[in-house]
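All remarks here apply to the structure that follows.
Starting from 1, each residue takes its place in the sequence as its number. Any value given below was found using the heavy atoms of this structure, including those in side chains, with hydrogens, waters and symmetry copies removed. Nothing here was measured: the structure is a model prediction, and the numbers come from that model.
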Amino acid sequence: MESDAGFKAAVEEAKKGAAEGGIPIGACLVGADGKILGRGHNMRIQKGSATIHAEIAALENAGRLPASAYKGATMYTTLSPCDMCTGACILYKVNRVVLGENKTFVGGEDYLKQRGVEVVNVQSSECEALMKKFIHDHPEDWYEDIGE
């Protein structure tokens, strides 16, 4: 999974977010045909936004798509998706969510599974290291991001 183009794009996005001084979470939405539909990273700090998480940015950057575009799609994300991003994946009937890690945060994985979404945890040490460094260096921004 770590060699998948979608996962590589998500990690690139996470690193881009970190380089911008933001939360290092990236995502990439890939259609059933393997083409990247959209990619993005968490922009809450950079844009002063309450809602621009990585998965939301990937969906936004995909643009307006017909419902059929999401059929069989995979959302690659470097971190277990929060409740908001879990809901967006369910709303658009994303078929599979591949997450980089869930040691630093566990989101809506169980709910995704209950709703029939395949969930794959890559357990990426690179994704975990990015998050641990950010949480250590910016705990106030991290806890704000997860609503605590």
Side-chain angles (χ1 to χ4, degrees), residues 1-65 69-70 72-112 117-148:
M1 291 288 158
E2 286 187 72
S3 63
D4 287 3
F7 188 74
K8 285 181 179 179
V11 172
E12 288 171 9
E13 289 290 335
K15 290 177 180 177
K16 185 176 179 181
E20 295 170 355
I23 300 167
I25 304 169
C28 182
L29 181 66
V30 176
D33 62 359
K35 290 183 182 174
I36 291 176
L37 301 174
R39 54 189 281 177
H41 55 277
N42 187 302
M43 296 286 290
R44 292 190 74 242
I45 292 171
Q46 298 93 312
K47 299 262 186 181
S49 169
T51 59
I52 306 177
H53 284 194
E55 298 87 342
I56 302 303
L59 288 163
E60 179 70 19
N61 291 332
R64 186 175 174 189
L65 298 172
Y70 301 102
T74 297
M75 178 65 80
Y76 291 89
T77 179
T78 59
L79 184 64
S80 181
C82 74
D83 289 342
M84 177 178 64
C85 297
T86 292
C89 288
I90 291 168
L91 176 68
Y92 290 106
K93 297 176 177 57
V94 169
N95 194 52
R96 182 171 68 144
V97 173
V98 176
L99 55 113
E101 64 100 359
N102 67 358
K103 290 183 180 175
T104 58
F105 176 78
V106 177
E109 296 167 46
D110 288 341
Y111 187 53
L112 286 166
V117 177
E118 179 187 359
V119 177
V120 178
N121 185 350
V122 174
Q123 299 179 5
S124 165
S125 56
E126 183 178 21
C127 293
E128 184 180 345
L130 281 167
M131 286 308 304
K132 282 185 173 178
K133 179 175 179 6
F134 183 83
I135 293 167
H136 177 268
D137 294 348
H138 306 281
E140 66 290 345
D141 290 328
W142 169 243
Y143 290 111
E144 175 190 312
D145 191 64
I146 60 172
E148 291 185 16

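- To the nearest 0.5 Å, atom CE of residue Met75 and atom CG of residue Leu59 are 4.0 Å apart.
- In terms of heavy atoms, Ile23 sits closest to Asp141 at CD1-O, 4.1 Å.
- Within the model, atoms CZ of Arg39 and NZ of Lys8 stand 12.0 Å from one another, a figure rounded to the nearest 0.5 Å.
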Could you list the donor-acceptor pairs under 3.5 angstrom formed between side-chain atoms of residues 80-93 and any protein atom two or more places apart in sequence or on another chain?
from  : atom 1 : to     : atom 2 : distance (Å)
Ser80 : OG     : Gly107 : N      : 2.7
Ser80 : OG     : Glu109 : OE2    : 2.6
Thr86 : OG1    : Pro81  : O      : 3.3
Thr86 : OG1    : Cys82  : O      : 2.9

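- One finds the CG atom of Asn121 at 4.5 Å from the CG atom of Leu99 (value rounded to the nearest 0.5 Å).
- Put simply, the side chain of Arg44 gets close to the backbone of Ser49: a donor and an acceptor are under 3.5 Å apart.
- In this structure the side chain of Leu79 never reaches within 4.5 angstrom of the side chain of Cys127, judged on heavy atoms.
- Under the 4.5 Å side-chain criterion, counting only non-hydrogen atoms from C-beta, Thr104 is in contact with Glu128.
- Of the residues His41, Glu126, Glu20, the one that meets the side-chain hydrogen bond (donor to acceptor under 3.5 Å, both in side chains) test with Lys15 is Glu126.
- If you take CG on Asn42 and CD on Glu55, they are separated by 8.5 Å, rounding to the nearest 0.5 Å.
- Side-chain atoms of Val122 and Tyr76, non-hydrogen and from C-beta on, never get closer than 4.5 Å to each other.
- When all heavy atoms of Val94 and Ala73 are compared, the pair lying nearest together is CG1-O, 3.5 Å.
- The side chain to side chain contact (heavy atoms under 4.5 Å, CB included) check on Ala18 picks up Pro24, with sequence neighbours excluded.
- For the pair Val98 and Asp4, the minimum side-chain heavy-atom distance is 4.5 Å or more.
- The two residues Ala69 and Leu37 have their closest heavy-atom pair at O-CD1, 3.8 Å.
- Here the shortest heavy-atom pairing between Ala57 and Gly40 reads CB-CA, 3.9 Å.
- With contacts defined as side-chain heavy-atom distances shorter than 4.5 Å, the pair Ile25/Met131 qualifies.
- Thr74 has its side chain out of reach of Phe7: every pair of non-hydrogen atoms, C-beta onward, lies at least 4.5 Å apart.
- In this structure, the separation between OG1 on Thr78 and CD on Glu12 is 12.0 Å, given to the nearest 0.5 Å.
- With values rounded to the nearest 0.5 angstrom, Glu101 atom CD is found 8.0 Å from Lys132 atom NZ.
- With contacts defined as side-chain heavy-atom distances shorter than 4.5 Å, the pair Ile36/Cys28 qualifies.
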